[in-house]
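Note: hydrogens, waters and symmetry copies are ignored here, and every other heavy atom, side chains too, is used.
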Amino acid sequence: MSVDGAPQTVAGDRPAARRSDGADRLIAAMTLHPAGQVSPSLYETARLVSLAPWLTRHAERVRYLLGSQRADGGWGPPGEYALVPTLSATEALLSVVRTPPPAEAVISAVDRALQMLTRWLAAARPIPDTPAIDLIVPALIGSINAHLSAPDCAPGLKHWCASPGLRLPSGMDGRRLAGVRAMIAGGGRVPQKLLHALEIVGDLARHARGVQPALEGIIGASPAATAAWLGASNAAAGRSTSHTYLESVVERHGGLAPCTTPITVFERAWVVGTLTRAGLSVPAAPELISSLTADLTADGTPTGPGLPADADTTSVTLYALAALGAPTDYECLWRYETDEGFCTWPGEDGFSLTTNAHVLDALAQHVAARPDAPARYRNAIRRLVDALQARQQSDGSWQDRWHASPYYATMCCTLALAEVASGPAADTLALAAGWVTSSQRPDGSWGRWEGTVEETAYAVQVLVAAGRYLPGVQAAIALGYAYLEANRTRQDDGPALWHDKDLYRPTMIVRAAVLAARHASAKAIGAGMQQASLSVCPA
């Protein structure tokens with residue numbers, strides 16, 4: 001639907017849609033792993049080392065931490081994103097040091113990590129906008145300082161025991177963490193969105209009265225939160241559904257753990273929506289549809305068991321279901337409406353551009369299929385178009401709180417605006433295309449830290465949607481397409497870029513984005529060649 005109310009083609013009915021072997025293979029591979037495929041997390045794995053030494057493959061997790069430490073003493077991605085994984089790994093290894101006999105390799109790793117953290121925290125660097133960071137950082141720094149002040153501090157770390165300890169980053173305090181701890185200690189019911197990071201309260205989490213596991217024994221869709229709820233002495237308590245969950249997680253991930261699992265609905269909704277939007281046909285298998293509707297209620301649907309429903313996952317799920325020919329009730333989205341647009345969940349601190357872009361996608365798709373939809377839908381579409389345009393950066397990009405790369409947010413906003421407001425938003429879209437074109441690397445790739453297949457896929461989709469006939473855009477698409485084709489076997493390489501407690505990579509979602517970009521750019525190149533041919537033909 002356009003802003004003025006004219007219907008447009010719905011994703012599942014696009015004329016360009018066709019059966020693709022690539023899409024079929026991707027869907028088949030996805031359904032082989034019902035829990036979803038997501039990269040391991042340094043933060044979460046380190047939390048298991050500290051919280052669940054009784055869990056199978058503990059020694060492997062310790063070796064993983066030692067083997068993945070960077071030369072500068074830190075862990076994880078570049079820049080500000082290193083803080084949370086480095087704090088988590090340091091605290092975990094300090095817990096290992098205090099288990100005799102302390103290994104020299106562990107003491108050395110902790111010493112180098114503390115040097116790095118001391119420098120980092122003194123430099124007043126920016127803090128990334130990742131979930132629960134204002135709880136996680138004070139909790140970990142407090143725990144590290146407690147380790148260093150303990151009477152049994154390892155001899156090789158005595159020089160740290162005499163220090164004042166690590167300080168909190170500039171602008172951060174522990175007041176919210178203290179409030180959460182007081183609430184849990186008092187037996188109060190814990191808000192569902194806090195369960196994902198329940199490990200921040202340490203021993204207070206063990207069978208806390210205000211915490212109720214999901215049916216599968218999972219706390220907040222998080223291995224660390226589940227381990228904290230079980231407690232460090234779980235080994236003597238016998239197996240439970242929560243214990244079985246943790247064992248299955250580390251088995252699937254080679255002894256390690258992601259921040260969130262399972263991600264069934266999240267993964268399948270994003271994959272289906274991405275492929276169908278690009279004109280690739282996805283069979284409407286009953287099992288696929290039922291998996292998308294299994295947890296859909298009047299509140300929407302959550303990313304995983306134990307998490308609250310949210311507008312982001314809900315809107316993408318509604319979009320995917322409609323694309324599969326199984327539309328459902330959209331009324332659940334209205335509980336997320338705010339004066340600014342739509343919140344990811346009620347009470348959210350901040351504003352997510354990609355959540356609002358996805359809600360715009362879903363509402364526009366619904367109105368296109370239902371011209372008699374209430375005026376409220378059209379009014380919301382206009383408000384969302386205005387909200388996205390107003391928040392575009394001066395260079396043409398968008399940046400969001402759920403992904404480290406501006407290319408992802410720029411793609412989400414560009415596709416949503418191009419779908420419903422290509423005329424009124426022409427200048428906005430041209431600005432986005434200009435930024436993407438100007439930031440392409442010489443090898444045809446795009447990327448925040450380095451050229452990556454994932455970010456190149458996002459950039460190419462921006463260019464195809466935002467103005468393939470603008471000056472320089474067609475050449476940029478062709479160069480980006482060549483990069484994607486030359487790197488077909490590297491689509492699973494590259495840094496983790498998605499925001500959770502630390503950065504992660506949803507494997508199948510990224511593969512779907514790459515496949516969609518290759519398909520869309522190939523079509524755009526073909527259309528450009530045809531246009532060029534027509535322009536030189538005599539009348």
Check: [Y] and [X] side chains under 4.5 Å, non-hydrogen atoms:
X	Y	value
Pro302	Asp295	yes
Val453	Asp493	no
Cys332	Asp299	no
Thr437	Leu470	no
Trp446	Leu463	yes
Tyr504	Cys259	no
Leu324	Val282	yes
Arg391	Glu340	yes

Can you list the steps and then say if Glu455 with Arg448 is a salt bridge (charged side-chain N to carboxylate O under 4.0 Å, His left out)? CA-CA 8 Å; Glu455 292 167 280; Arg448 173 176 176 169; over 6 Å; no
Does Trp334 have its ring centroid less than 6.0 Å away from the ring centroid of Tyr377? yes
Euclidean distance, [Y] [atom2] relative to [X] [atom1], rounded to 0.5 Å:
X	Y	atom1	atom2	value
Arg505	Asp500	CZ	CG	16.0 Å
Lys523	Ile525	NZ	CD1	12.5 Å
Asp349	Asp134	CG	CG	7.5 Å
Asp72	Gln69	CG	CD	8.5 Å
Leu307	Thr313	CG	OG1	8.5 Å
Leu87	Tyr43	CG	OH	10.0 Å

Checking the side chain of [X] only, and the main-chain atoms of [Y] only, is there a donor and an acceptor separated by less than 3.5 Å?
X	Y	value
Thr45	Leu42	no
Asn356	Phe342	yes
Gln365	Tyr319	yes
Gln37	Met508	no
Ser397	Gln393	no
Thr130	Ile133	no
Glu44	Ala224	yes
Arg176	Leu135	no

Would you sort out whether Arg490 and Glu454 count as a salt bridge (charged side-chain N to carboxylate O under 4.0 Å, His left out), showing the intermediate values? CA-CA 10 Å; Arg490 297 185 58 232; Glu454 177 183 353; over 6 Å; no
Can [X] and [Y] be counted as having a side-chain donor-acceptor contact under 3.5 angstrom?
X	Y	result
Tyr330	Ser315	no
Thr456	Ser445	no
Asp502	Ser41	yes
Ser222	Lys501	yes
Thr86	Arg70	no

Give the minimum heavy-atom separation between [X] and [Y], together with the two atoms involved.
X	Y	result
Leu280	Ala516	CD1-CA, 4.3 Å
Gln392	Ala432	NE2-N, 3.7 Å
Glu267	Gly36	OE2-CA, 3.4 Å
Pro223	Thr261	CG-CG2, 4.1 Å
Thr452	Pro495	CG2-CD, 3.5 Å
Met116	Ala82	CE-CB, 4.4 Å

Please walk me through it: do Leu296 and Val265 pass side chain to side chain contact (heavy atoms under 4.5 Å, CB included)? CA-CA 10 Å; Leu296 190 59; Val265 173; over 6 Å; no
Leu384 and Val359: CA distance, side-chain angles, deciding distance, side chain to side chain contact (heavy atoms under 4.5 Å, CB included) verdict: CA-CA 8 Å; Leu384 288 168; Val359 172; 3.9 Å; yes
Angle class for the Tyr407/Trp435 ring planes (parallel below 30°, perpendicular above 60°, tilted otherwise)? parallel
Should the pair His403 and Tyr408 be assigned to parallel (<30°), tilted (30 to 60°) or perpendicular (>60°) ring geometry? parallel
Under the criterion side chain to side chain contact (heavy atoms under 4.5 Å, CB included), I'd like the reasoning laid out for Trp345 against Gln192: C-alpha separation, chi angles, the key distance, then a yes or no. CA-CA 11 Å; Trp345 54 75; Gln192 200 172 18; over 6 Å; no
Test side chain to side chain contact (heavy atoms under 4.5 Å, CB included) applied to His358 and Val316, Leu318, Thr317, the passing residue: Val316
Where do His499 and Asp400 land on the side-chain hydrogen bond (donor to acceptor under 3.5 Å, both in side chains) test, with the steps shown first? CA-CA 10 Å; His499 281 192; Asp400 191 56; over 6 Å; no
What do the steps show when you test Leu83 against Trp120 for side chain to side chain contact (heavy atoms under 4.5 Å, CB included), and what is the final call? CA-CA 8 Å; Leu83 178 60; Trp120 200 99; 3.7 Å; yes
Can you tell me if CG on Asp339 sees more than 12 non-hydrogen neighbours from other groups inside 6.0 Å? no
Asp427, CG: over 12 other non-hydrogen atoms inside 6.0 angstrom: no
Can Thr31 and Arg268 be said to form a side-chain hydrogen bond (donor to acceptor under 3.5 Å, both in side chains), step by step? CA-CA 9 Å; Thr31 55; Arg268 295 183 179 196; 5.8 Å; no
Counterpart residues, side-chain contact (heavy atoms from CB on, under 4.5 Å), relative to Ala512 (two or more places apart): Leu26, Val271, Thr274, Leu275
Partners passing side-chain contact (heavy atoms from CB on, under 4.5 Å) against Thr344 (at least two apart in sequence or in another chain): Asp310, Asp312, Glu348, Ser352, Thr355, Trp402
Let me see the working for Asp443 and Arg441 under salt bridge (charged side-chain N to carboxylate O under 4.0 Å, His left out), right down to the final yes or no. CA-CA 5 Å; Asp443 65 354; Arg441 295 170 182 268; over 6 Å; no
Taking ring-ring contact (aromatic ring centres under 6.0 Å, His included) as the test, write out the residues that go with His253, two or more places apart. none
